[in-house]
**Q** 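Before I ask anything, let me first share the structure, which is written out below as structure tokens.
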Amino acid sequence: MAEIGKTKLDSGWLAARSTDVELTGTQLTTTHPPTGPTAPWMEAVVPGTVLATLVKNKKVPDPFYGLQNEAILDIAISGREYYTFWFFTTFQCKLTGNQHLDLNFRGINYSAEVYLNGHKMVLPKGMFRRHSLDVTDILHPDGQNLLAVLVHPPDHPGSIPPKGGQGGDHEIGKDVATQYVEGWDWIIPIRDRNTGIWDEVSVSVTGPVKIIDPHLVSSFFDNYKRVYLHATTELENKSSSVAECSLNIQVSTELEGNVCLI
Amino acid sequence: EQLQTQHLSISPRARVQYTFPQLFFYKPNLWWPNGMGKQALHHVTISVEVKEHGESDQWTHLFGFRKIESHIDNATDGRLFKINGQPIFIRGGNWILSDGLLRLSAKRYRTDIKFHADMNFNMIRCWGGGLAERPEFYHYCDMYGLLVWQEFWITGDVDGRGDPVSNPDGPLDHDLFMLCARDTVKLLRNHASLALWVGGNEQVPPKDINEALKNDLQLHPYFETPSET
């Protein structure tokens with residue numbers, strides 16, 4: 001039985017420029033998975049951006065030293081394909097009985113296609129949105145799962161006028177993404193516009209019922225002597241039968257040191 | 001300090017919203033910003049067990065009991081803040097982001113945020129051209145008592161007041177903007193340090209977005225209760 005809870009997928013990732021990979025996502029996650037950091041594949045920084053991966057592998061100089069950023073091809077010149085990258089990893093997971101597995105991306109810039117064991121799913125556009133995919137039915141029976149993610153840059157990366165300026169030509173403002181990336185008076189233009197799996201990737205195991213986005217609010221009376229905690233949560237029953245649930249809420253406070261009062 | 005169990009049935013493939021009966025606390029340790037008191041945090045754990053299956057899911061969060069109020073002061077036209085009924089003089093700094101290649105790490109956040117606390121700051125303003133900061137950022141702001149002013153992704157320069165004037169109506173897809181904003185609020189709303197959501201930097205978001213944000217973010221009338229008896 002897999003343990004209930006979240007496991008981060010933050011190691012063992014590989015990356016490759018999409019134009020250097022002939023294979024499809026289905027082939028990468030079934031018959032032809034990359035075997036290691038051999039060209040065109042390289043060790044990837046996840047969470048991080050395409051440029052962070054390229055800097056780590058010394059494919060480009062570190063943009064934050066001297067004028068080295070000038071040596072890195074800007075997306076406006078190279079085109080979006082040049083910074084459209086594959087990211088690949090594997091993870092182990094064997095569910096039992098009525099367990100479910102979600103694959104979670106807490107931030108993708110700017111859109112992506114996900115392939116898991118040959119199955120394709122789309123992560124829609126938007127840098128500041130989470131994605132959670134129920135992958136229970138497409139896990140590998142032997143527990144070894146192959147995951148590939150094709151990440152596309154923002155739709156409007158814009159171009160940097162010769163005189164620079166706040167936010168370049170402002171095209172990035174057409175997307176829902178961070179705007180500093182075209183450069184500002186305090187920072188150089190970021191050549192890949194922060195494209196990538198920029199925040200946490202995880203898998204979470206649950207039983208038939210999943211807790212979603214609880215909301216905690218406190219209200220105060222009698223000059224903060226009488227305090228109430230209000231808790232609301234969404235719950236999803238993923239199973240095909242009625243779920244008889246016991247829902248617990250527990251509040252404990254940490255006394256000095258590691259003593260807990262419940 | 002509190003443990004409560006409720007029973008409920010959920011239909012197959014259904015997604016429901018459930019509110020616990022409110023939990024009462026007598027004089028709990030309150031969360032205070034840096035320089036005003038301790039940052040008391042409580043472990044809140046919500047778990048669900050399913051009959052004939054056992055434990056199904058669990059969620060935990062470090063929660064701070066605090067009341068944050070702010071209003072525009074007519075005399076100075078500045079925004080005045082109160083924490084737990086006490087006025088506070090805001091000493092804040094601008095924050096753009098931890099690293100230009102988004103190599104964000106809890107260790108780096110802890111160092112950066114502790115630095116702000118050591119500088120005797122009590123607020124960090126997350127600029128609209130940067131990021132909606134991450135839970136790890138807010139966790140350390142909770143721990144060190146840094147209130148957070150979090151802007152959404154609108155800046156004057158890029159959205160209608162720059163040179164050249166561009167995007168006067170903000171991003172092309174307003175529904176996508178609101179979807180991202182709502183999801184970001186759900187991601188961050190339980191953090192004690194989150195003090196203020198702001199539409200953008202030096203610019204009011206397009207009217208429809210601004211109205212939707214104001215509507216979604218107003219305090220629920222249920223909680224508009226005076227703290228007096």
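Order of the sequence lines sets the chain letters (A, B, ...), proteins ahead of strands, with each chain counted from 1.
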**Q** Just how far is it from atom NE2 of B:His43 to atom OG1 of A:Thr253, taken to the nearest 0.5 Å?
**A**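 Those atoms lie 7.5 Å apart.
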**Q** Checking the side chain of A:Tyr224 only, and the main-chain atoms of B:Gly85 only, is there a donor and an acceptor separated by less than 3.5 Å?
**A**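 Yes; at least one donor-acceptor contact below 3.5 Å.
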**Q** Just give me the residue among B:Arg13, B:His7, B:Gln4 that pairs up with chain A most often, heavy atom to heavy atom, under 4.5 Å.
**A**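 Highest number of heavy-atom pairs under 4.5 Å: B:Arg13.
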**Q** So B:Asp183 and A:Arg129, salt bridge (Lys or Arg N to Asp or Glu O under 4.0 Å) or not? Walk me through it.
**A** CA-CA 6 Å; B:Asp183 197 58; A:Arg129 65 188 288 179; over 6 Å; no
**Q** Which distance, rounded to the nearest 0.5 Å, do you find between the NE2 of A:His230 and the CD of B:Gln22?
**A**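 If I round to the nearest 0.5 Å, the distance is 5.0 Å.
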**Q** Name the member of B:Gly130, B:Gly162, B:Gly170 that forms the most heavy-atom pairs with chain A at distances under 4.5 Å.
**A**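 When all of B:Gly130, B:Gly162, B:Gly170 are compared, B:Gly130 has the most.
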**Q** Rounded at 0.5 Å granularity, tell me how far CG in A:Leu235 sits from CZ in B:Arg15.
**A**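 Nearest 0.5 Å value for the CG-CZ distance: 10.0 Å.
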**Q** Please determine, by modelled atom types, if A:Gln179 and B:Thr155 share a side-chain donor-acceptor pair under 3.5 angstrom.
**A**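 The criterion, which ignores hydrogens and geometry beyond distance, is satisfied for B:Thr155 and A:Gln179.
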**Q** Contact part of B:Phe63 toward chain A, heavy-atom cut-off under 4.5 Å: side chain, backbone, both or neither?
**A**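 Interface part for B:Phe63: side chain.
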**Q** Between A:Val45, A:Ile172, A:Asn98, A:Val50, which has the largest tally of heavy atom pairs under 4.5 Å with chain B?
**A**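 Counting heavy-atom pairs under 4.5 Å, the top option is A:Asn98.
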**Q** Is it the case that A:Ser246 and B:Glu49 place a side-chain donor and acceptor less than 3.5 Å from each other?
**A**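 Short answer, no.
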**Q** Rounded to the nearest 0.5 Å, what separation is found between the OG atom of A:Ser204 and the CH2 atom of B:Trp59?
**A**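 Spacing of OG (A:Ser204) from CH2 (B:Trp59) equals 14.5 Å.
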**Q** For B:Arg66, which atoms come within 4.5 Å of any heavy atom of chain A: side chain, backbone, both, or neither?
**A**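 For B:Arg66, the backbone is the part near chain A, not the side chain.
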**Q** What closest approach, in Å, do B:His61 and A:Leu216 show between heavy atoms, and which atom pair accounts for it?
**A**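 Looking at all heavy atoms of both residues, the shortest contact is CD2-CD1, 4.3 Å.
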**Q** Flag the one option from B:Ile10, B:Leu172, B:Val48, B:Thr5 with the top tally of heavy-atom pairs under 4.5 Å to chain A.
**A**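 Result: the option with the highest number of such pairs is B:Ile10.
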**Q** At a heavy-atom separation under 4.5 Å, does B:Asn84 approach chain A through its side chain, its backbone, both, or neither?
**A**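 Both the backbone and the side chain of B:Asn84 come within 4.5 Å of chain A.
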**Q** Given that the side chain runs from C-beta out, which part of B:Leu104 has a heavy atom under 4.5 Å from chain A: side chain, backbone, both or neither?
**A**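 B:Leu104 touches chain A through side-chain heavy atoms alone.
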**Q** Measure B:Ser11 against the heavy atoms of chain A and call it side chain, backbone, both or neither at under 4.5 Å.
**A**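 Backbone only.
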**Q** What part of B:Ile154 gets closer than 4.5 Å to chain A, counting heavy atoms only: side chain, backbone, both or neither?
**A**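 Looking at B:Ile154, just its backbone touches chain A.
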**Q** Name the region of B:Ala14, side chain, backbone, both or neither, that has any atom closer than 4.5 Å to a heavy atom of chain A.
**A**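 The backbone, not the side chain.
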